[in-house]
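These notes concern the structure reproduced below.
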Amino acid sequence: MKLKDWIKTIIFYEILVGMNATLRHLLHYKPITLQYPHEKRSLPDSYRGMLSLLRYDDGTEKCVGCDLCEAACPSRVIKVISAEVPGEPTKRYAKEYYMDMTRCLFCGLCVQACPVDALGMTREYEWAVYDKRHLYLNKEQLLAIGDRAFPVREKRLELQHPNVAFFNVAFTHLPPKDN
Amino acid sequence: MELFFFYYLAGVIILTALLVVALRNPIYSALSLLIMFFHVAGLYVTLHAEFLAAVQVIVYAGAILVLYLFVVMLLNVKREDRYHPQFPIGAFLGLVIITEVLLLAFRRSESGTPPMPPAGSVAEAVGNTETIGDVLYTTYLFPFEVASLILLVAMIGAIVLAKRDLFEA
Amino acid sequence: MVPLSYYVILSVIVFVTGVVGVLIRRNIIIILLSVELMLNATNINFVAYSYYFQNITGQVFVFFALTVAAAEVAVGLAIIIALYRSKSSINVDEFQLLKW
Amino acid sequence: MVEVGVKIVLSLTQIAVVMGVVLLTVMFLTLAERKVLGWMQDRMGPMEVGPYGILQPVADGLKLFFKEDIVPAGANKFLFSMAPLLALVPALIGFAVIPFGPDLTVEVFGVQFKPFVISDINVGILYILAFTSIGAYGIILGGWASNSKYSLLGGLRSAAQVISYELNVGLAIVGVLLLAGSLSLVKITEAQTGWFWNWFIFAPPFPQIFAFVVYFISAVAETNRLPFDLPEAESELVAGFFTEYSGMRFAFFFLAEYANMILVSCIAAALFLGGWNAPAPFLQFHGSLAHLLWLSATIWFAVKVYFFLFLFFWLRATLPRLRYDQLMRFGWKVMLPIALGNILITAIAAYLFPRG
């Protein structure tokens, strides 16, 4: 056993095994690289990319200005200034809504915190800009992202329950779907 | 042609030798010594001692001077500001010796300079390296062994001197 | 052809430069470099005489001089490092414990 | 006088051709290294510039040429500018004694001219060793003059490493010199003509295989390539001694590294693998095609050199970097005794079975 180890050291056995491995990869060359700008990966649906604000199908904003996303955010990305809907004292909406995307770490906690499903994570990730200030997004920009990323909004049916769908006032004219 | 080469090499050797002594920054001194070693090697080549020229560059420039640079950088000494106060005495002594030798060299005693070696002489014909090897391993075998012993002693001595905690460990 | 005396003069000038360097410099590293200068001066002489007298012995002795120079450098630099450790200086004026 | 002129013109042409080939090879190597490394790691390597990225070296060269030339504050400007040259010149100057093809003599305008070796001096190997030892100055001075601690550490490490491994290179070569009985690379190559068992790596009295392994490992260490790239270890010392360099000065260090790789490959091919000799005599042009011998000979030489260069990349793709104390211990306690023992045994073998 001693002699065997010694001979292995002399002929660089371990190194030769390693070199064999690298040479095999050279001869059976199957690259796993994607030529990124020319070809792109197909992303999973649950990909956590750029954040966006969503609308209902009739165009009204989903956001009710409850500030829960701001509270949930660990990096203090979100800033909400909520206000009453003029003329309807029971309803509120986000008068201003800012996201500082330079600090966002795409954890998705705000999306989970939102009671009305007003936030969504898109599959956009190509957000390189020359000026950091371009990543400080306001409500219009976030809504535009949402419109771009979710042209057809599938309603989550469980939210149609009257107890849950208290805020979904804009959909009252639609008949509830049965499961 | 040979005279021209000699003047060039000798001029650079003298200039760099003066710079070694005169420059304040030890690194610059070591670098002028490097240039001098190269020109001395060139001088050896004109004297048909190619083997020595190569050894000169390998040993002096490649090993010894790198060690000097190593120590200079290791100690990171600030540049020395003044020469030694015995500067005038040194300069005077140097001048005296130089004038003496120049006088002796130009006096041309009756023996004179030796005759020029004939072209295609022994050292060129056999090949410089072979000749040196022959002499080194036959006539001067004993000095050669002594030299190797000196190197061994120097190696041990250097380790003992430079090792910080040789006897504590 | 270059007369032999030219080589002698060159070697003497370099040698004296080395001597003056040892005398006037206070940085111990440069003093060692000056010693190298002197060794090289003798080597030039050896090689020149070896060529003009067609005797290879001169070159053999240059070879030995190289060996001795290498040994000298190794020990000398070790001494310098040891001195620097104890005195934090390489100025020869500060090493005067044996001075009366 | 005319003869001297013709001689000078011929030599200059030869030098220009060799330098051109070396620099072209360096250009090709920068691309080949990235491609080979990529393929070995299931990547693609550079793909953007030109078809399959083959114009990448040109793009790199242009980028480096037009980059801003930065001299760090507090740097020693003179030495900072000198260091890249001190690194590059010794690497290129060594090619003067490499025989790229058979030892032909052509007469051009009454001047004897050897087209495949710039200068056949009788201490060729010592000449190369002398100038490669100068390469350490470029590294150590570049590190010192940058006025940066990373550079200084890289430079000092490199100087220690290069000096230690140069010794092993020299000692590994001695065995070959004993068998060949000459220091001239042309004569050493000529001593290996015939079948491949005449190559010194398999030579009959005592095969120099151990010397070859010691030489190759030491050569990898001396050129600061992985797995011995401690002087420029990216993850530890940023980039070692050329951390502060940019633009053309950086390019010079880069060129020096690759030129050194080619140089040690050429020496390995000439000393151990028979230089321009084919493995078997019938693999060269012979008979009616004998006047084309130089063509097949240079091709064989190039094949051997490129095999070594590929080996450099292969090792880089396979092995992790050594620790510094491991590197030093390996050099002094493993490589040096093996090289010395090889000299001893080769000397005895050469005495008992003298060649030819």
Side-chain angles (χ1 to χ4, degrees), chain B residues 2-3 6 10 13-14 17-18 20-21 26 29-30 33 36 40 43-44 47-49 52 55-56 59 63-64 67-68 71-72 75 77 80 83-84 86-87 89-91 93-94 97-98 101-102 105 113-114 116-117 121-123 131-132 135-136 140 143 147 150-151 154-155 157-158 161-162, chain C residues 1-6 8-10 12-14 16-27 29-30 32-34 36-37 40 43-44 47-48 50-54 56-57 59-60 62-64 66-75 77-82 84-85 90-93:
Chain B
E2 280 185 12
L3 209 58
F6 175 77
I13 288 172
I14 292 172
L18 289 175
V20 169
V21 174
S29 282
L33 199 63
M36 194 196 108
V40 170
L43 206 63
Y44 290 171
L47 289 170
H48 295 276
L52 274 188
V55 170
Q56 162 98 4
V59 174
I64 292 181
L67 277 186
Y68 274 114
V71 171
V72 171
L75 302 186
V77 278
E80 182 192 8
Y83 292 126
H84 202 278
Q86 65 198 22
F87 173 72
I89 309 171
L93 270 180
I97 302 174
I98 284 189
V101 170
L102 289 184
T113 52
M116 297 302 162
S121 49
V122 190
T131 337
I132 287 192
V135 178
L136 197 59
Y140 294 100
I150 288 177
L151 279 178
M155 186 175 80
L161 279 171
Chain C
M1 266 332 235
V2 188
L4 181 58
S5 54
Y6 285 22
V8 179
I9 293 169
L10 168 67
V12 165
I13 292 175
V14 176
V16 172
T17 316
V19 172
V20 173
V22 170
L23 288 179
I24 68 171
R25 292 307 298 256
R26 304 202 286 186
N27 186 334
I29 291 177
I30 296 194
L32 271 187
L33 288 181
S34 305
E36 299 295 331
L37 276 184
N40 261 280
N43 285 356
I44 292 173
V47 175
S50 151
Y51 178 61
Y52 279 89
F53 288 114
Q54 285 302 301
I56 204 78
T57 313
Q59 299 193 17
V60 173
V62 174
F63 200 76
F64 289 137
L66 279 173
T67 321
V68 173
E72 172 237 324
V73 167
V75 177
L77 289 178
I79 290 175
I80 289 178
I81 288 179
Y84 187 77
R85 279 216 191 99
I90 50 171
N91 188 339
V92 279
D93 286 347

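All chains are named by letter (A, B, ...) in the order of the sequence lines, taking the proteins before the strands, and each is independently numbered beginning at 1. From a predicted model like this one, the values you see are computed outputs, not experimental measurements. Values below: every heavy atom of this structure, side chains too, minus hydrogens, waters and symmetry copies.
Among the candidates B/Val20, B/Val21, B/Ile98, the single residue satisfying the side-chain contact (heavy atoms from CB on, under 4.5 Å) test with C/Thr17 is B/Val21. Partner of C/Gln59 under the side-chain contact (heavy atoms from CB on, under 4.5 Å) criterion, out of B/Val55, B/Ile132, B/Leu47: B/Ile132 alone.
The closest donor-acceptor contact from the side chain of C/Tyr84 to the backbone of B/Leu75 lies under 3.5 Å.
For chain C, the nearby part of B/Leu33 is the side chain; its heavy atoms alone come within less than 4.5 Å. Contacts between B/Ala63 and chain C at a heavy-atom distance below 4.5 Å are absent for every atom of the residue. In this structure, chain C has heavy atoms under 4.5 Å from both the backbone and the side chain of B/Tyr68. Using a 4.5 Å cut-off between heavy atoms, B/Met155 makes no contact with chain C at all.
The shortest non-hydrogen separation linking B/Tyr44 to C/Val62 is OH-CG1, 4.3 Å. Taking each heavy atom of B/Leu161 and C/Ala82 in turn, the nearest pair found is O-CB, 3.9 Å. Between C/Ala71 and B/Ile150, the shortest heavy-atom distance links the atoms CB-CG2, 3.8 Å.
Of the listed residues (C/Ile79, C/Ile13, C/Val14, C/Asn43), the one with the most heavy-atom contacts under 4.5 Å to chain B is C/Asn43. Contact tally against chain B (heavy-atom pairs below 4.5 Å) for C/Val20, C/Ile80, C/Val12, C/Val47: the top residue is C/Val47. No other option in C/Leu33, C/Leu37, C/Val22, C/Leu32 has as many heavy-atom pairs under 4.5 Å with chain B as C/Leu33. Per-residue counts of heavy-atom pairs under 4.5 Å with chain B were compared for C/Asn40, C/Val75, C/Leu23; the largest is that of C/Asn40. Among the candidates B/Ala91, B/Gly157, B/Ala10, the residue making the largest number of heavy-atom pairs closer than 4.5 Å to chain C is B/Ala10.
Within the 4.5 Å cutoff, the side chain of B/Leu93 has no heavy atoms near those of the C/Val19 side chain. The shortest side-chain heavy-atom distance between C/Ile24 and B/Ile89 does not fall under the 4.5 Å cut-off. The shortest distance between side-chain heavy atoms of B/Tyr140 and C/Phe64 falls below 4.5 Å.
Under the side chain to side chain contact (heavy atoms under 4.5 Å, CB included) criterion, C/Thr67 pairs with B/Ala147, B/Leu151, sequence neighbours left out.
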